[in-house]
**Student:** 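Below is the structure I would like to discuss, written out as structure tokens.
Protein chains get the first letters and strands the later ones, always in sequence-line order, with residue 1 at the start of each.
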Amino acid sequence: MSSLQFYNSLSRQKEVFSSITPGRVGMYVCGPTVSGESHLGHARPFITFDIVYRYLRHLGYQVRYVRNITDAGHFEEEGRESEDKISKKAILEKLEPMELVQKYTNLFHWAMREFNNIEPTIEPTATGHIVEQIVMIQRIIADGYAYEANGSVYFDVEKYHRDFSAKGMQYGILSGRILDDQLETTRELESQDEKRNKSDFALWKHAAPEHIMRWQSPWGEGFPGWHIECSAMSNKYLGAKFDIHGGGMDLQFPHHECEIAQSAVCNHQIPARFWLHNNMITINGRKMGKSYNNVIKLSELFSGTHEILTQGYSPMTVRFFILQTHYRSTLDFSNEALQAAEKGLRRIWEAFTQLNKFVIAENNISAGDPDLEQQCFEILNALDDDMNDDLNTAKVLAGLFELVPVINSIKDGLIKGNALTTATMIMMKEKFNTFLVDIFGLKDEKRHDEQKLGAVLQLIADIRKDARAKKDYATSDKIRNQLLEAGIQLKDEKDGAVSWELV
RNA sequence: GGUCCUGUGGCCGAGUGGCUAGGCAGAGCUCUGCAAAAGCUUCUACAGCGGUUCGAAUCCGCUCGGGACCUCCA
């Protein structure tokens, strides 16, 4: 079997994965900014890295998965005007940032549960690590790579670049950006603010009087810059050098580039070995974003209450939709594509459910159909290799889909029970369970009350069966048609059994 | 303007130079009282133009189209 390979954004090629500490993996993924409700775009990285997490665990690694909550910064509630400059409002009337942050954090966690994402092992908040960030900034100032200006602190990118290029940590190493070009275009633009160069970025920002989130610091009251939180928290929980750093491609620059610079100054090395970036979700070919006014919130996506949507899509449908594309490709959203995913998921899930119901014959060591046996065996064996190849979940699913007709044919008696060996049948069961449930994190979305419904439907199906036996098709069709109108579809199986599904 | 990515059949999407990806939709057939489901078959494409090669969707060049980042962003 092949070994796991990841495409490393840092080296711009696939590399065989190995962890720094044998058997253990440290992974940091940039989490959400909780100043608003999570949207479809957020689904991609957190599902993608949930797969990474699940797969590494499947491979036997003990993983420390750190995913932050960005709850500090320049916050305003959506649709709400900035807070009054000097508010005379009573405290309960004022916008309380932590209340806002809590609300959206709760919504984010709700969405993550809906997607069946496993919680990270540590979920640190930026506001909970102000001290660590201040200490790190002080360190950078002490080393001469940051300067204070009017209560704000900026990272001196030009100086950093000059000194660290020789050490192989030039500014731009991750994004491929060339600093000199940026400086050239910058000089003409003559920035009025306190920065020495336009490419300098804030480590700490002075809080204007109207700013509602603020902390005491050696430079006065203010709040941390965006990039420093991830450096401080990853360093605290994963150390100066950890295995995997993940996030969306849009974070590659400037966010991750700046993280590298900050950590390089403090720890003299690039903080992570593997940099994994998932691509964007687009709508009609355009990235989802506030500026494009095409954001679908997750609650809207599930319920179908957005003008772009013709219907709601369940969390598992969305998850499956995302898995059908490689994580480094852009994924274009459309109703047609989601509907296709919904049907595809149903098809593979029904086959999977059926497979688990099979009673596998024991001690069948000679395949009744050697060709089919060989074919299935090859498909099953390729699954791990595809997954190891930079997490090609799309290809794994394609492989599983190829086995669906085999499962259905066995069920319908079109393929004899002894066609495949016991070993292959067991392997098929194992692989479906491993990939679909353990690694891909898919789950049955049928609710518990549907089980009670099942008992009722069984009774109705029995009555209808009697009617059919008497060739009373008027009654049997009436039952079926009216149930269909109620959204329940009966299906007469070949063996005389009746199955049903909600449509 | 700079730095990259990308262009695959009606739609979505894998594709490591040579072998039918897969899903959805459509068509035909089989099974079935009918339907649904299922099975089988079919539709077999790689933006365009050159080049490298015995052989290219896959490598190189050019042209055209689309997108991302350079500002908060998953």
**Student:** Would you check if the distance from the ring center of A:Tyr154 to the ring center of A:Phe201 is below 6.0 Å?
**Tutor:**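 Centroid separation for A:Tyr154 and A:Phe201: 6.0 Å or greater.
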**Student:** Quick check: any donor-acceptor pair below 3.5 Å linking the side-chain of A:Asn335 to the base of B:C12?
**Tutor:**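 Under the 3.5 Å cut-off, the side chain and the base do not form any donor-acceptor pair.
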**Student:** Taking atom P in both B:C40 and B:G15, compute the distance separating them and give it to the nearest angstrom.
**Tutor:**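 Here B:C40 and B:G15 have their P atoms 25 Å from each other.
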**Student:** Report the residue (A:Leu331 or A:Arg328) whose heavy-atom-nearest nucleotide on RNA chain B is the more 5′ of the two.
**Tutor:**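 Final value for this comparison: A:Arg328.
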**Student:** Taking only the side-chain nitrogens and oxygens of A:Arg286, find out if one of them lies under 4.0 Å from OP1 or OP2 of B:A68.
**Tutor:**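 Indeed, a polar side-chain atom of A:Arg286 lies that close.
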**Student:** By nearest atom, which of the nucleotides B:C24, B:A37, B:A74 is closest to the A:Ile281 side chain?
**Tutor:**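 Nucleotide nearest to A:Ile281's side chain: B:A74.
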**Student:** Counting heavy atoms from C-beta on, name the nucleotide in B:A14, B:A37, B:C24 closest to the side chain of A:Lys343.
**Tutor:**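 Selected nucleotide: B:C24.
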**Student:** Using a strict heavy-atom distance below 4.0 Å, which residues from residues 465-478 of chain A are in contact with RNA chain B?
**Tutor:**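 Close to the strand are A:Arg468, A:Tyr473, A:Ser476, A:Asp477.
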**Student:** Scan nucleotides 39-41 of chain B against the protein and return all N/O pairs shorter than 3.5 Å with their distances rounded to 0.1 Å.
**Tutor:**
unit_1 : atom_1 : unit_2   : atom_2 : d
B:G39  : OP1    : A:Asn408 : ND2    : 3.0
B:G39  : OP2    : A:Arg347 : NH1    : 3.2

**Student:** Given Watson-Crick or G-U pairs with both distances under 3.5 Å, what dot-bracket string fits RNA chain B, with | for other-strand pairs and [ ] for crossing?
**Tutor:** (((((((..(((.....[...))).(((((.......)))))....(((((..]....))))))))))))....
**Student:** Hey, is A:Glu350 close enough to A:Lys491 for a salt bridge, meaning N to O under 4.0 Å?
**Tutor:**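 Yes, A:Glu350 and A:Lys491 are salt-bridged.
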**Student:** Please tell me whether A:Tyr327 and A:Asp390 have a donor and an acceptor in their side chains that are separated by less than 3.5 angstrom.
**Tutor:**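 Distance-only check passes for A:Tyr327 and A:Asp390.
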**Student:** Please determine whether the number of non-hydrogen atoms from other residues, nucleotides or ligands lying under 6.0 Å from atom NZ of A:Lys465 exceeds 12.
**Tutor:**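 Open: at most 12 neighbouring heavy atoms sit under 6.0 Å from NZ of A:Lys465.
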**Student:** Salt bridge or not between A:Asp477 and A:Arg480? Use side-chain N to carboxylate O under 4.0 Å.
**Tutor:**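 A salt bridge is present here (some side-chain N lies under 4.0 Å from a carboxylate O).
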**Student:** Strictly below 4.0 Å: does A:Lys287 bring a side-chain N or O up to OP1 or OP2 of B:G67?
**Tutor:**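 False: A:Lys287 side-chain N/O out of range (4.0 Å or more) of B:G67 OP1/OP2.
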**Student:** When the C1' atoms of B:U16 and B:A74 are considered, how many whole Å apart are they?
**Tutor:**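 So the two C1' atoms sit 29 Å from each other.
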**Student:** At under 4.0 Å, does any side-chain N or O of A:Asn481 touch on OP1 or OP2 of B:A35?
**Tutor:**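 So the side chain of A:Asn481 is outside the cut-off, no N or O lying under 4.0 Å from OP1 or OP2 of B:A35.
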**Student:** Between A:Asp50 and A:Arg319, is the closest basic N to carboxylate O distance under 4.0 Å?
**Tutor:**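 Between A:Asp50 and A:Arg319 there is a salt bridge, with a charged N closer than 4.0 Å to a carboxylate O.
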**Student:** Looking only at the side chain of A:Ala340 (C-beta and beyond, no hydrogens), which of the listed nucleotides B:G23, B:C12, B:G22 gets closest?
**Tutor:**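 From the listed options, B:G23 comes nearest.
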**Student:** Expressed as a whole number of Å, how far does the C1' atom of B:C43 sit from that of B:G23?
**Tutor:**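 So the two C1' atoms sit 15 Å from each other.
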**Student:** Is any side-chain N or O of A:Ser329 closer than 4.0 Å to OP1 or OP2 of B:A14?
**Tutor:**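 Yes, A:Ser329 has a side-chain N/O under 4.0 Å of OP1/OP2 on B:A14.
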**Student:** Go through B:G2, B:U71, B:C11 for me and flag the one nearest to the A:Glu336 side chain.
**Tutor:**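 The listed nucleotide nearest to A:Glu336's side chain is B:C11.
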